[in-house]
Structure formats: C-alpha cells, structure tokens
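Have a look at the structure below before the remarks.
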There are 2 protein chains.
Amino acid sequence: MDDRRVTIDDVAKAAGVAASTVSRAFSRPGRVSFETGERIRRVAAELGYRAGSLARALPSGATSMIALAVSDITNPFYAELIKGAQAAATAAGYTILLADTQESSVYERQALDRAAPTVDGFVLTTTRMSDSAIRMLAKQRPVIVLNRIVSDVPSVITDNPRGMRRAMEHLAELGHRRVTYLSGPEASWADGMRWRSLREAALELELTVRRTGHAPPTVGGGVSGVAEFAAHPTSAVIAYNDRVAIGAIRALTARGVRVPEDVSVIGIDNIYPADLVTPALTTVAAPLAAMGRTAVGNLLAIVRGARPREHEPVVLPCRLVVRDSTGPA
Amino acid sequence: MDDRRVTIDDVAKAAGVAASTVSRAFSRPGRVSFETGERIRRVAAELGYRAGSLARALPSGATSMIALAVSDITNPFYAELIKGAQAAATAAGYTILLADTQESSVYERQALDRAAPTVDGFVLTTTRMSDSAIRMLAKQRPVIVLNRIVSDVPSVITDNPRGMRRAMEHLAELGHRRVTYLSGPEASWADGMRWRSLREAALELELTVRRTGHAPPTVGGGVSGVAEFAAHPTSAVIAYNDRVAIGAIRALTARGVRVPEDVSVIGIDNIYPADLVTPALTTVAAPLAAMGRTAVGNLLAIVRGARPREHEPVVLPCRLVVRDSTGPA
DNA sequence: ATGAAAGCGCTAACAA
DNA sequence: TTGTTAGCGCTTTCAT
C-alpha cells in the first residue's frame with residue numbers, strides 16, 4: 001500500500017536536519033558531529049531508508065555496477081568464474097550485471113551498448129569483438145579482458161605455456177612420444193596460445209605434436225576432432241578444453257578405442273563435469289574463481305582511479321589435475 | 001579523452017529543438033512530426049547519443065532492470081534457466097542483475113536489499129527466505145518465485161506430480177516393485193512436493209516407496225544417501241535431482257553395485273552433465289530455459305501493470321528422458 | 001558542523 | 001506538434 005519510497009528528505013525532516021546533512025552522515029561520516037550522525041542513522045533505520053538509490057548515480061556518475069559479458073552462460077566454464085567475480089564485486093559493494101552475448105558479435109555489441117551507460121566498468125570474457133573494438137570500448141569505460149591479450153587494455157590470463165608444459169611433461173613421463181592437439185575455434189586467442197605453447201614444450205621435451213583442424217569448443221567439436229584424429233592416431237591427445245576432451249573420449253570409446261589404455265586424453269580448464277565423466281578427466285585446471293575475482297578486483301581498482309600498468313597482463317597459475325584419462329603409453 | 005557523456009540537451013541543441021522534443025522522439029515517436037523525429041535521430045546518431053541512461057529512471061521510477069536471485073550459480077541447474085531468463089529480458093529491453101545468494105539466507109537478504117532500489121522486479125529461485133519474508137518483498141516490488149508456491153505471490157513451477165508419475169511408471173514397466181527416494185534438503189519446497197507426488201504415484205501403481213534422510217542437493221548428498229540406502233536396498237532409486245543421482249551412481253559403483261543391472265537410478269532436472277556421465281542418466285527433464293523465460297515474461301507483464309491471478313501458479317510440463325541408468329528389475 | 005541552493009540527465013505536466 | 005517549466009532523489013559547492 002504505502003508505495004512511496006523513503007527519501008533522504010523524509011529522514012532529514014524526521015531527524016530535524018537538512019538533507020545535505022543526512023547525505024553527509026552516510027557518505028562522509030567524519031563531517032558530521034557524532035551525536036547528529038547517531039540520530040540520523042537511528043531515524044533512517046526506523047523509517048527503513050535505503051541508501052543505494054540510483055539517484056546517487058546521477059550527480060556522481062558512479063553506479064556501483066559492473067557488467068560481466070560471457071559468450072554463453074551455459075558453458076560450465078563460467079560458473080565458477082562468475083561466482084568468483086560475484087564474490088569480489090559484492091565484497092566491494094558492487095553489483096554484477098550479466099550480459100550473455102549468445103556467441104554472437106551482434107548481440108555482444110548490443111548488450112554492451114545497452115549496459116554501457118549503466119555500469120562503471122566491464123569484464124569481458126571470450127569476446128568476439130576485434131582488438132580495436134575492445135580498445136574503443138576501453139576508451140569510454142574501464143575494461144578488463146579475460147583470457148586474451150589486447151594491447152593497451154589490462155587483462156587477466158592463465159599461464160598457458162606453463163600449463164601446456166605440465167601436460168606434456170606428464171605425457172612424456174608416461175612414455176608418450178607423439179601427441180595430437182584437438183584444436184578449438186579459429187577465432188580463439190587461447191587456441192593459438194595453447195598451440196604455440198604446446199609446440200614449444202614439444203620441442204624441449206623432444207616430443208612430436210600435431211593438431212587437428214579448428215572445431216567448436218564443445219562436445220561436438222571433440223567428436224569431429226576425433227574423426228580427423230583417427231586418420232593419424234597418436235597415443236595421446238590434448239584437447240582445447242574439457243568439453244572437447246569429453247567429446248573426444250566419447251567418440252574414442254564409441255570407436256572401440258579404450259581411454260586411457262589405448263589413448264590418453266587431457267583436457268583444459270577443469271570444469272565441473274570433468275570429475276564426473278568416465279574415465280574422470282585429467283586436465284590442466286584453470287583457477288576459475290580466482291580469474292573472476294582477480295578480474296573484478298583489478299577492474300574496481302581502475303574504476304577507483306588506479307592507473308594500471310596496461311602492458312602487463314596479470315597471469316594466473318594453473319595446475320595439472322591427474323585423474324583417470326591418462327595412462328602409460 | 002573526451003569523457004563527457006552526450007546528453008539529451010546536446011542533441012536538442014544540435015538539432016535545434018527543445019530537450020523534451022528529443023525525449024519524445026525516443027519514447028513516444030507518435031507525438032513528434034516525422035520530419036523532426038528523423039532529424040533528431042540522425043543528429044543523435046552522429047553525436048553518439050545513448051538513450052538508456054539511469055537518469056531516465058529518476059522521474060519514471062522504472063529502471064528496466066530485473067534481479068535474478070540464484071542460490072548457487074555453480075549449480076548447472078541454473079545455466080539454462082538463466083539463459084532463458086536472459087533471452088526473455090533482452091527481448092523486452094530489460095537487463096538482468098545477478099544476485100548469487102551463496103546458499104545463505106543472510107547473503108540473500110543483503111543481495112535483495114541491495115538490489116531492491118535498483119530493479120523493477122525480482123525472480124526468486126530456490127529461495128531460503130520464509131514465505132512471509134517473500135510476501136513482504138512482494139509488497140514492495142513485483143516478484144515471481146520459481147519452483148515454489150507462496151500464497152499471494154505469483155509463481156512458476158514444474159509439474160512435479162506428473163513428472164514423478166512418469167518416473168514411477170517407467171520403473172513399474174521395467175518390473176520394479178520397491179523404490180527408494182533419495183531426499184534433498186529439508187528446507188526445500190520441491191523436496192516435499194516430490195516426495196508427496198512419489199507416494200501418490202506409488203499408491204496408484206501399487207509400488208512401495210521409502211525415502212532416505214534429508215541431504216544436500218549435491219554429489220555428496222547422493223553419496224551419503226546411498227550409504228543409508230545400503231541398509232535397506234531396493235532395485236530402483238529416484239534422486240532429488242541429477243547431482244544427487246550422479247553421486248548415487250558413483251557411490252553405488254564404488255560399492256560394486258552395477259547401474260542399471262543391480263539398481264536403476266533416475267534423476268530430476270536433466271542438467272548438462274546428465275548426458276555425460278556413465279551410465280548416462282535417465283532423468284525427469286525440467287524445462288529449464290522455459291522456466292527462466294516464463295518467469296521473466298510473467299514478471300515483466302506484472303511490471304507493466306498486468307494484474308496476475310495470484311493464486312494460480314503457472315505449471316510447466318516436464319518429460320522423462322530415458323537413458324542408460326535404468327533397466328529391468 | 002550545518003544549512004541553502006544549485007544542479008546531475010531526463011520526463012511529465014502545462015502552455016502555446 | 002512543440003517549447004517551457006518543474007521536479008525525480010541525491011550530492012556538492014558555497015555560505016553561515
């Protein structure tokens with residue numbers, strides 16, 4: 001019934017002070033006498049006054065909201081990541097606005113444009129946007145890109161070289177000499193990065209590595225990757241990510257190839273289902289929650305005026321989780 | 001560099017009209033001459049004017065944002081649901097604000113309180129709040145609850161009775177006579193609903209059903225459920241949800257019990273990994289995306305002034321997806 | 001330490 | 001059809 005929102009003026013009137021004083025009591029407690037402050041807080045609580053109104057954003061320009069753009073929220077990769085981001089944001093008094101870009105650069109632009117006037121900054125994950133488009137966006141609002149490097153834009157990435165290295169070492173220890181990389185999407189920055197890292201590691205460890213053609217980062221992508229792999233099989237496979245790896249295991253099993261007895265399979269990311277499939281997936285675990293947390297943390301630092309060293313991406317460590325999909329050659 | 005936001009006044013000045021005319025050109029195109037409207041839109045585009053500012057929300061009170069509260073975004077159950085919600089919201093020009101309540105009623109209250117002044121409405125999924133708390137919230141802003149019935153608050157639920165019935169029929173056809181229900185959390189509305197539906201179906205089909213003690217809705221919950229189940233085993237099991245079912249399969253397998261040869265297992269929800277585990281899970285599929293879509297759709301209808309028939313929850317159909325975790329008794 | 005007044009960008013009366 | 005004038009709720013000068 002009583003639909004009217006409790007305003008700062010209501011509190012001011014009830015407390016017998018000016019509205020500006022109430023405002024100060026909340027935002028700059030130091031500038032108000034202790035006594036007055038107490039009284040205001042008490043009255044505000046009684047009246048049920050809520051500070052976080054949008055009106056605050058008008059004069060100051062800061063909304064205390066940040067946008068998190070994800071390409072497909074259905075991808076379990078994002079779950080932990082969002083959780084980490086969410087936690088960091090909440091802790092800092094910020095709210096997260098979700099933008100599902102639906103794997104489409106058109107939707108992505110729309111979503112970002114729509115969000116732009118409303119948020120204090122962006123965290124971009126797996127963008128389809130070009131580097132220059134990202135830089136353009138970054139000119140208007142603070143931006144952090146995740147899992148990609150864009151010059152002049154701060155970013156958070158995982159240590160792909162080290163991760164790929166660990167995977168290869170693991171394989172080498174098991175006696176594998178030749179491994180196949182099941183590629184991800186062509187447009188993926190991470191795919192290129194992983195392939196390069198793999199080749200370097202192969203060189204140092206004296207292994208041979210080849211790769212299949214680009215494929216979607218899904219279970220289906222793994223299936224099609226295996227179709228290609230079957231023409232030139234190797235004793236070990238590293239997949240672009242866990243979903244591809246899971247698809248690969250399925251396809252392999254369907255062909256009567258046993259994992260890990262005949263072929264060892266390694267995934268990347270350590271998403272939730274990795275531990276659930278049979279055999280449980282050996283994978284290079286990305287610090288999902290930490291990535292979300294770090295991205296938001298750094299974004300907020302910039303929002304608050306920090307000047308980031310724009311040319312040095314923050315790189316987070318990953319670790320190899322050995323489960324049951326890898327075995328001796 | 002040019003940090004200043006393009007305002008409606010800038011456009012007005014550049015187009016040689018009053019600010020109110022520009023405003024009208026965007027919100028009430030009918031009330032502006034075609035010619036003027038065109039000119040304004042052209043100028044606005046040139047200047048890069050973005051309409052969706054927060055300032056709009058001040059006079060009107062409508063922010064075009066809705067909050068989606070989830071208990072744990074890590075739960076794959078939410079992925080499709082959020083996607084559906086997201087799609088419906090975007091289509092209607094609304095943005096989704098994510099509130100991860102972290103399985104805690106304290107955080108939930110905080111998150112909702114924080115979001116309240118900023119959004120036009122709430123979609124509550126798996127709330128920990130009491131019915132009365134929900135009703136209280138609903139007094140202030142439009143609310144839709146998902147998967148729960150709260151009197152006087154509009155809701156969207158799945159057809160649990162029918163779903164449980166299908167599951168029991170399936171089991172009966174396979175020759176099972178006694179089934180165990182692996183319970184979910186005590187506080188869960190859905191758990192009570194499912195158990196009741198199960199008993200009714202059992203009665204009609206002349207089956208016997210018993211249940212284990214309450215457990216968390218996770219893989220771990222399934223494991224502990226099986227520990228209890230082992231004392232009074234039956235040839236079939238229905239789990240509170242897919243995660244519990246997956247945990248149950250694991251625990252069963254670990255005990256040397258074969259699924260489905262020795263025990264048939266049915267899950268509920270049909271989350272993404274259900275199809276990935278071995279054996280693939282037979283499950284009562286909830287229309288996840290449709291739930292999100294419907295909830296948002298109905299919420300927006302209310303936001304726009306529709307008067308909902310508050311006492312009739314919208315019930316969405318579910319269907320049985322038969323995979324490999326069920327077999328003859 | 002406090003109050004008064006002037007906006008922030010936009011929309012909604014009310015005139016013209 | 002268009003312009004003018006008040007605000008929406010809050011913060012921020014500038015006085016006091």
Side-chain angles (χ1 to χ4, degrees), chain A residues 2-41 43-44 47-65 93 114 116-120 140-141, chain B residues 2-41 43-44 47-65 93 114 116-120 140-141:
Chain A
D2 185 5
D3 221 5
R4 223 176 86 44
R5 200 201 214 75
V6 181
T7 77
I8 211 172
D9 294 276
D10 298 333
V11 178
K13 201 155 302 175
V17 295
S20 56
T21 305
V22 177
S23 172
R24 274 189 285 256
F26 285 107
S27 43
R28 239 164 305 274
R31 298 199 178 291
V32 162
S33 80
F34 180 76
E35 200 181 47
T36 315
E38 277 301 285
R39 182 156 37 94
I40 289 176
R41 261 180 293 280
V43 172
L47 264 47
Y49 171 67
R50 308 219 161 292
S53 165
L54 290 191
R56 159 173 297 172
L58 246 200
S60 71
T63 60
S64 291
M65 293 194 269
R114 163 186 294 293
T118 307
V119 300
D120 294 341
Q140 312 189 49
R141 298 237 175 287
Chain B
D2 184 5
D3 222 7
R4 224 176 86 44
R5 200 201 212 74
V6 181
T7 78
I8 211 172
D9 294 278
D10 298 332
V11 178
K13 200 155 301 174
V17 295
S20 58
T21 304
V22 176
S23 172
R24 273 190 285 257
F26 285 108
S27 43
R28 240 165 303 274
R31 299 198 177 292
V32 161
S33 80
F34 180 76
E35 200 180 46
T36 315
E38 277 300 284
R39 182 157 36 93
I40 289 176
R41 261 181 293 279
V43 172
L47 264 48
Y49 170 68
R50 306 222 161 291
S53 166
L54 291 191
R56 161 173 295 173
L58 247 200
S60 71
T63 59
S64 290
M65 293 194 268
R114 163 186 295 292
T118 306
V119 300
D120 294 341
Q140 312 189 49
R141 297 237 177 288

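Below, read A as the first sequence line, B as the second, and so on, with proteins coming before strands; counting in each chain starts at 1.
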For DNA chain C, whose closest nucleotide is more 5', that of A19(B) or that of S60(A)?
S60(A)
Nearest-neighbour nucleotide for the L58(A) side chain, dC8(C), dC10(D), dC10(C) considered
dC8(C)
For atom CZ of R24(B) and atom C1' of dT1(D), their distance in whole Å
8 Å
Scan S33(B) against the nucleic acid and name what it touches under 4.0 Å (heavy atoms): base, sugar-phosphate only, or nothing.
sugar-phosphate
Categorize V22(B) for me: base, sugar-phosphate, or nothing, with a 4.0 angstrom heavy-atom threshold over every strand shown.
nothing
In whole angstroms, the gap separating P of dG3(D) from CD1 of I8(B) amounts to 13 Å
Can you check whether T21(A) has a side-chain N or O nearer than 4.0 Å to OP1 or OP2 of dT2(C)?
no
Can you tell me the distance, in whole Å, between the NZ atom of K13(B) and the P atom of dG3(D)?
14 Å
When you check the phosphate oxygens OP1 and OP2 of dT12(D), does a side-chain N or O of R28(A) lie under 4.0 Å from one of them?
yes
For L58(A) against A55(B), the heavy-atom pair lying closest together
CD2-CB, 3.7 Å
Nearest 0.5 Å, what's the CG-OG1 distance between L54(B) and T118(A)?
5.0 Å
Atom CG of L54(B) to atom P of dT11(C): distance rounded to whole Å?
12 Å
Measure CG/D9(A) against P/dA6(C) and give the value in whole Å, please.
16 Å
To the nearest Å, how far apart are D10(B) CG and dC10(C) C1'?
13 Å
From the set dT4(D), dA1(C), dC10(C), return the single nucleotide nearest to any side-chain atom of Y49(B).
dC10(C)
Distance from L47(B) atom CG to I8(B) atom CD1, nearest 0.5 Å?
12.0 Å
Nearest 0.5 angstrom please: R28(B) CZ to S20(B) OG, how far?
11.0 Å
Distance check needed: dA1(C) P versus I40(A) CD1, whole Å only.
13 Å
Distance check: side-chain N/O of R31(B) vs OP1/OP2 of dT1(D), anything under 4.0 Å?
no
Nearest to the P59(A) side chain among dT11(D), dT11(C), dG9(C), which nucleotide is it?
dT11(D)
Side-chain N or O of T36(A) less than 4.0 angstrom from OP1 or OP2 on dT2(C)?
yes
Between dT4(D), dG3(C), dT11(D), which nucleotide has the shortest distance from any of its atoms to the side chain of S23(A)?
dT11(D)
Calculate, to the nearest 0.5 Å, the distance between atoms CD1 and OG belonging to I40(B) and S33(B) respectively.
8.0 Å
Given dC10(C), dT4(D), dT2(D), identify the nucleotide with an atom nearest to the side chain of V32(B).
dT2(D)
